[in-house]
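Scroll down for the structure; my scribbles are underneath it.
Letters A, B, ... are given to chains in the order of the sequence lines, protein chains preceding strands, and every chain is numbered from 1.
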Amino acid sequence: MKIATWNVNGVRARIEAIVAWIKASNPDIVCLQETKVIDKEFPLSQVEDLGYHAVLYGQKMFHGVAILSKLPMQNITYGLPGIQDDNQARYIEAVISPHQQIESTNMYNRPICIASLYAPNGNPIGSEKFLYKLSWMQHLEKHAKSKLASGGMFVMAGDYNIIPSHRDAQNPASWEQDALYHKSSKAAFRRLIYLGFVDAIRAVTDSDQAFTFWNYKSDSWRKNNGIRIDHILLSPSAADNLNFVGIEDLVRSWNKPSDHVPLWADLNLASCLVPHINHRYCLSR
DNA sequence: ATGGTTGCGTAGCAA
């Protein structure tokens with residue numbers, strides 16, 4: 001199961017590129033961020049024509065997240081749990097794989113929970129926006145901890161707006177006064193890792209060139225002045241089934257690109273098949 | 001570089 005994430009910077013401006021990329025990449029699940037559109041104006045028919053279901057959590061002008069999936073989705077959560085009176089559409093979560101029986105066996109697929117998130121940018125440092133970024137990350141940590149407690153497969157994909165380490169920027173020094181690279185931001189990301197998540201990219205490479213974002217300004221793409229701020233975090237049971245990880249960086253060279261590129265992780269869910277349990281006593285870990 | 005670019009929506013903010 002190929003799970004992709006892409007901050008598209010405006011789904012209406014990007015729909016042609018999204019359709020072309022989906023046809024080329026054929027993901028099973030797509031987490032979108034910065035759709036910048038209310039739900040009724042989302043270009044739904046164009047993704048449905050490609051065979052995807054969609055769940056949407058958008059708002060006017062800013063932010064906005066969505067999940068597209070070839071399989072139907074259940075138990076949708078709109079907004080990051082625990083944030084009161086949040087007026088920013090930055091989180092949506094859905095459960096996929098409805099315990100389908102595999103043909104002519106008694107094996108079933110385990111459900112997998114997918115989150116599409118768009119964490120706050122937080123600039124400038126010291127502002128209300130910065131405090132909101134750190135607060136939002138605290139709520140994410142709390143929610144993620146409760147999700148891990150179940151032991152089920154959980155994948156958090158999206159734009160975290162955090163550069164985790166010096167390896168994740170072409171020019172780390174230029175980010176030192178930026179909220180994306182502030183020590184409190186990096187600490188918030190590490191706390192997610194400490195919970196037990198696996199950073200999908202770092203499971204497969206130590207490369208210092210694994211960027212997902214290049215600023216529109218100052219010719220950043222041509223100079224490869226990039227950063228890695230889009231991440232796929234895998235719960236332990238999801239990470240156990242990780243096959244491949246990829247960054248579709250060439251999408252950045254397309255006409256009218258987003259400033260972010262798609263990132264994906266492929267899980268071998270065939271190895272996640274579980275027998276249908278009929279026993280009276282069933283031990284879980 | 002107190003800048004540089006893009007999307008949304010049509011001024012100026014957010015990134």
Side-chain angles (χ1 to χ4, degrees), chain A residues 5-21 31-44 46-47 56-66 80 83 86-91 116-137 140 157-164 168-182 184-186 188-189 211-231 248-263:
Chain A
T5 179
W6 191 9
N7 178 325
V8 292
N9 189 20
V11 71
R12 287 173 293 180
R14 215 68 61 211
I15 187 61
E16 266 188 60
I18 291 169
V19 168
W21 166 71
C31 299
L32 298 174
Q33 300 89 35
E34 278 204 89
T35 54
K36 295 187 175 180
V37 69
I38 57 175
D39 293 346
K40 69 174 184 181
E41 288 175 25
F42 190 99
L44 195 57
Q46 288 167 87
V47 297
L56 312 174
Y57 188 48
Q59 66 182 94
K60 192 175 177 172
M61 297 272 289
F62 305 118
H63 321 310
V65 288
L80 183 56
I83 298 190
D86 192 21
N87 58 358
Q88 302 190 17
R90 295 181 176 275
Y91 187 94
S116 175
L117 68 90
Y118 175 50
N121 175 293
N123 276 304
I125 289 170
S127 66
E128 283 295 322
K129 289 179 187 177
F130 187 64
L131 294 177
Y132 180 70
K133 176 191 186 81
L134 298 181
S135 167
W136 199 93
M137 291 303 296
L140 180 64
D159 178 0
Y160 287 71
N161 265 315
I162 294 173
I163 302 166
D168 300 311
Q170 180 69 272
N171 185 2
S174 70
W175 295 94
E176 294 211 332
Q177 303 306 315
D178 195 291
L180 277 58
Y181 197 54
H182 190 273
S184 299
S185 306
K186 288 183 278 190
F189 189 81
F211 306 134
T212 65
F213 170 95
W214 294 260
N215 203 311
Y216 287 123
K217 303 176 215 175
S218 310
D219 224 1
S220 296
W221 168 245
R222 191 188 58 76
K223 293 189 262 190
N224 194 29
N225 185 16
I227 52 177
R228 190 175 74 95
I229 54 174
D230 301 271
H231 309 295
E248 315 252 10
D249 53 342
L250 279 181
V251 172
R252 188 63 176 77
S253 68
W254 290 8
N255 286 332
K256 265 189 54 155
S258 170
D259 38 8
H260 299 248
V261 297
L263 163 71

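- With sequence neighbours left out, A:Asn171 forms a side-chain hydrogen bond (donor to acceptor under 3.5 Å, both in side chains) with no residue at all.
- With both ends at atom P, the span from B:dT5 to B:dT10 equals 24 Å, rounded to whole Å.
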Legend entry - Summary of protein contacts for nucleotides 6-14 of chain B, nucleotide by nucleotide, where a base hit scores B, a sugar-phosphate-only hit scores S (4.0 Å, heavy atoms): SSSS----S

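- Of the P atoms belonging to B:dT2 and B:dG7, the separation is 25 Å, rounded to the nearest Å.
- Scanning for side-chain hydrogen bond (donor to acceptor under 3.5 Å, both in side chains) contacts around A:Thr35 gives an empty result, with sequence neighbours left out.
- Each of A:Asn123 and A:Asn215 was assigned the nucleotide of DNA chain B with the nearest heavy atom; the assignment lying further toward the 5' end belongs to A:Asn215.
- Applying the side-chain hydrogen bond (donor to acceptor under 3.5 Å, both in side chains) criterion to A:Trp136, with sequence neighbours excluded, gives no partner residue.
- Annotation: salt bridge (Lys or Arg N to Asp or Glu O under 4.0 Å) contacts of A:Arg14 (sequence neighbours excluded): none.
- In this structure, A:Asp219 atom CG and B:dG3 atom C1' are separated by 14 Å, rounded to whole Å.
- Take A:Asp86 and apply the salt bridge (Lys or Arg N to Asp or Glu O under 4.0 Å) test, not counting sequence neighbours, and it matches no residue.
- A:Asp159 contributes no side-chain N or O that, together with a main-chain N or O of A:Tyr118, makes up a donor-acceptor pair within less than 3.5 Å.
- Taking atom P on both B:dG9 and B:dA15, the two are 15 Å apart, rounded to the nearest angstrom.
- Separating the C1' atom of B:dG4 from that of B:dA14 is a span of 16 Å, rounded to the nearest Å.
- Using C1' as the reference atom, B:dA11 and B:dA1 are 25 Å apart when rounded to the nearest Å.
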